[in-house]
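To start, the structure itself, in structure tokens.
Note that this is a predicted model, so its numbers are computed, not measured.
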Protein chains: 2
Amino acid sequence: MNRVTIRDVANRAGVSQSTVSHVLNKTRVVEEATRQKVLNAIEELGYRPSQVARSLISKRTKTAGLLISDVSNPFYPDVILGVEEIAFTEDYSIFLCNTNYDLERGLKLVQSLVDKSVDGILFMSSSMSLQMVQEAVENQIHAVVLDWEDSNLQEMASTITINFESGIQQAVRHLVEGGHQRIAHVSGPLSLWTAQVRKQCFLKALEQNGLDPQQAAIIEGDLRIEGGRKAFEQLWQLNPRPTAVFAANDLMALGLVWAARNSGLELPKDLSVVGLDDIDLASKVSPSLSTIALPRREIGKMAMQMLLEMIRNGKEAAKSRITVDTTFVLRQSTQRVG
Amino acid sequence: MNRVTIRDVANRAGVSQSTVSHVLNKTRVVEEATRQKVLNAIEELGYRPSQVARSLISKRTKTAGLLISDVSNPFYPDVILGVEEIAFTEDYSIFLCNTNYDLERGLKLVQSLVDKSVDGILFMSSSMSLQMVQEAVENQIHAVVLDWEDSNLQEMASTITINFESGIQQAVRHLVEGGHQRIAHVSGPLSLWTAQVRKQCFLKALEQNGLDPQQAAIIEGDLRIEGGRKAFEQLWQLNPRPTAVFAANDLMALGLVWAARNSGLELPKDLSVVGLDDIDLASKVSPSLSTIALPRREIGKMAMQMLLEMIRNGKEAAKSRITVDTTFVLRQSTQRVG
DNA sequence: TTGAAAGCGCTAACAG
DNA sequence: CTGTTAGCGCTTTCAA
């Protein structure tokens with residue numbers, strides 16, 4: 001009733017453990033007859049090699065950690081699927097960890113992953129600290145970081161940078177060409193690096209399109225539907241009112257849309273709204289949401305590929321840098337002003 | 001530059017490995033002075049015990065697998081958060097596995113988890129097979145199964161059963177009392193156990209409320225938004241048309257709502273819609289969705305608690321059974337007929 | 001109060 | 001072509 005070990009197999013087949021091991025790993029030539037005996041013994045006993053024992057020797061666990069902010073943010077599921085798609089092909093398993101936007105919790109999760117000797121960690125939480133990455137790297141664990149930058153990061157991890165500028169630029173141009181002069185922004189929590197970046201890109205885009213960034217209303221939201229709702233309340237009290245809003249993510253954009261409609265507005269006639277992420281829902285709701293798309297599933301796939309690459313290359317692995325572009329997707333939530 | 005081992009600590013502190021081990025695990029009394037020497041050495045070397053080596057001896061990995069259908073189904077995120085909430089307190093890490101509703105893939109994932117010696121597996125994919133659970137249990141891995149039944153399951157796993165009857169009953173009564181006589185059902189794929197159960201509960205509820213189950217239109221959907229859309233097209237061609245629809249999950253209900261609105265209907269005036277799951281979105285969209293709620297996060301927490309309990313009790317652990325109730329939540333997508 | 005040594009299940013020299 | 005043996009990093013008897 002106890003675990004079947006390689007020893008049991010060896011005994012049963014009447015060979016040595018090393019022979020069994022070599023049959024298993026095809027790591028040296030074994031006479032066909034012997035091989036068959038071993039294979040039979042394995043079959044009969046239902047033997048399964050212990051990955052734990054293997055890991056102790058090989059220093060590889062075939063596991064990776066995926067650190068995200070919060071699974072219930074619809075940005076993540078597609079990323080996760082992308083990661084898993086690649087992981088599955090290499091028999092890697094993924095530890096999912098939600099930081100809940102909490103730096104301290106994030107660090108604890110990383111430490112736990114380190115203790116479990118994951119082969120690598122994908123840092124995709126928007127609450128990031130250098131310490132987390134250090135914790136991993138110091139313990140010889142490879143790291144891939146999404147959408148975060150730090151001058152010290154370069155030598156430690158591979159990175160995927162999202163080029164928000166392209167998509168935001170397109171969105172703002174679209175609005176301005178549609179006659180919008182007062183475009184507000186609902187940002188994410190400005191303590192987050194990514195929220196800062198999106199905001200800066202937005203301001204820059206305004207400027208490039210002939211509007212005064214100083215005049216733009218900026219409201220800080222929480223990246224959730226509720227934040228969009230609240231932002232609408234505030235926006236609607238402004239004087240003059242904005243005719244268009246760019247929300248830092250789709251959830252807030254949707255919150256805004258629904259709050260606006262509850263207040264009796266007709267969208268997009270009375271207000272144009274642009275989101276960011278292009279979550280599934282964006283194309284499904286009505287009016288469908290104009291948004292800035294980024295290839296979430298691809299990001300997941302690339303991240304896992306980069307990680308596997310680093311794992312394959314071992315300690316000396318070169319750190320790679322990838323930038324992904326964003327693009328504006330025109331749907332029904334925006335229209336010409338007036 | 002290599003991993004710091006317990007040996008290094010022992011040498012540095014001038015004691016034996018076993019002393020270090022005992023200090024670490026408080027597993028026997030150590031003189032305070034010695035203890036300090038050890039603690040200092042650990043500190044100085046930055047020693048972290050290898051969980052892998054520990055696991056090899058203890059037969060525990062402090063990891064569990066969570067098998068779900070598809071993270072992008074909004075039913076799951078809250079469940080995951082519940083699972084993680086409990087897991088985190090005990091330093092357990094969770095392998096997230098998406099079956100993509102594919103039995104074969106599901107089995108492979110389970111095998112991979114078995115090979116990695118997880119301490120337990122939470123089966124929460126709606127595509128289930130007895131074989132998956134067997135695979136785990138035969139390898140001494142504890143199992144908790146959500147919303148699935150099989151006569152052979154009883155002795156193998158703990159189970160959480162969802163009592164759909166209560167909520168569906170309430171929903172149907174609400175509709176019937178509102179004057180609805182023709183209530184259609186958009187089911188999940190009828191190959192899924194849970195889809196069958198929901199459908200049966202619905203038919204039973206019709207009967208108990210004086211309607212003829214034979215007359216009810218049943219349309220098979222895919223549990224996704226798109227399925228709801230398509231179902232609407234079909235429903236609208238029926239003659240006579242239904243005045244209300246009960247969709248097997250919220251995603252399809254939303255798809256239905258949006259498709260109906262695109263076709264120029266006013267909801268809930270022209271059609272009442274009830275969903276199931278009470279996903280976050282249900283209360284946020286407009287009109288907000290009447291639905292049948294189930295405590296997703298609680299389910300996640302309970303499942304993980306049951307698993308930990310089984311792990312603590314070892315091989316002989318009793319299998320527990322829990323049933324959770326569902327309740328109808330009245331919102332804006334339903335109203336009296338006419 | 002502490003240390004020596006065996007062994008968890010496996011891989012990988014080293015010998016034959 | 002195959003077996004013996006020494007570990008991987010830790011826990012845990014058994015002795016002292």
d([atom1], [X]; [atom2], [N]) in whole Å:
X	N	atom1	atom2	value
Ile6(B)	dT11(D)	CD1	C1'	8 Å
Gln36(B)	dT1(C)	CD	P	15 Å
Arg48(A)	dC8(C)	CZ	C1'	19 Å
Lys26(B)	dT2(C)	NZ	P	15 Å
Arg60(A)	dC8(D)	CZ	P	18 Å
Glu32(A)	dC1(D)	CD	C1'	13 Å
Leu24(B)	dT2(C)	CG	P	15 Å
Lys59(B)	dC10(D)	NZ	P	16 Å

Charged N to carboxylate O below 4.0 Å: is that the case for Arg12(B) and Glu44(B)?
yes

Do [X] and [Y] get their side chains close enough for a donor-acceptor pair, meaning under 3.5 Å?
X	Y	answer
Ser16(B)	Thr19(B)	yes
Arg35(B)	Asn40(B)	no
Ser93(A)	Thr63(A)	no

Assess whether salt bridge (Lys or Arg N to Asp or Glu O under 4.0 Å) is satisfied between Glu85(A) and Lys301(A), documenting all intermediate values.
CA-CA 7 Å; Glu85(A) 181 180 337; Lys301(A) 288 172 66 173; 3.5 Å; yes

Name the residue from Leu146(B), Val110(B), Leu122(B) that meets the side chain to side chain contact (heavy atoms under 4.5 Å, CB included) definition with Leu67(B).
Val110(B)

Restricting to nitrogen or oxygen on both sides, can you table the protein-nucleotides 3-6 of chain C pairs closer than 3.5 Å?
residue : atom : partner  : partner atom : Å
dG3(C)  : OP2  : Ser16(B) : N            : 3.0
dG3(C)  : OP2  : Ser16(B) : OG           : 3.1
dG3(C)  : OP2  : Thr19(B) : OG1          : 2.6
dG3(C)  : N7   : Ser18(B) : OG           : 3.2
dG3(C)  : N7   : Arg28(B) : NH2          : 3.0
dG3(C)  : O6   : Arg28(B) : NH1          : 2.7
dA4(C)  : N6   : Ser18(B) : OG           : 3.3

Is Ser21(B) close enough to dC10(D) that one of its side-chain N or O atoms is under 4.0 Å from OP1 or OP2 there?
no

Counting only side-chain nitrogens and oxygens, does Arg54(A) get under 4.0 Å of the OP1 or OP2 atom of dG9(C)?
no

Please figure out whether Val20(A) or Ala53(B) has its closest DNA chain C nucleotide nearer the 5' end.
Ala53(B)

Residue list, salt bridge (charged side-chain N to carboxylate O under 4.0 Å, His left out) with Asp70(B), at least two apart or on another chain
none

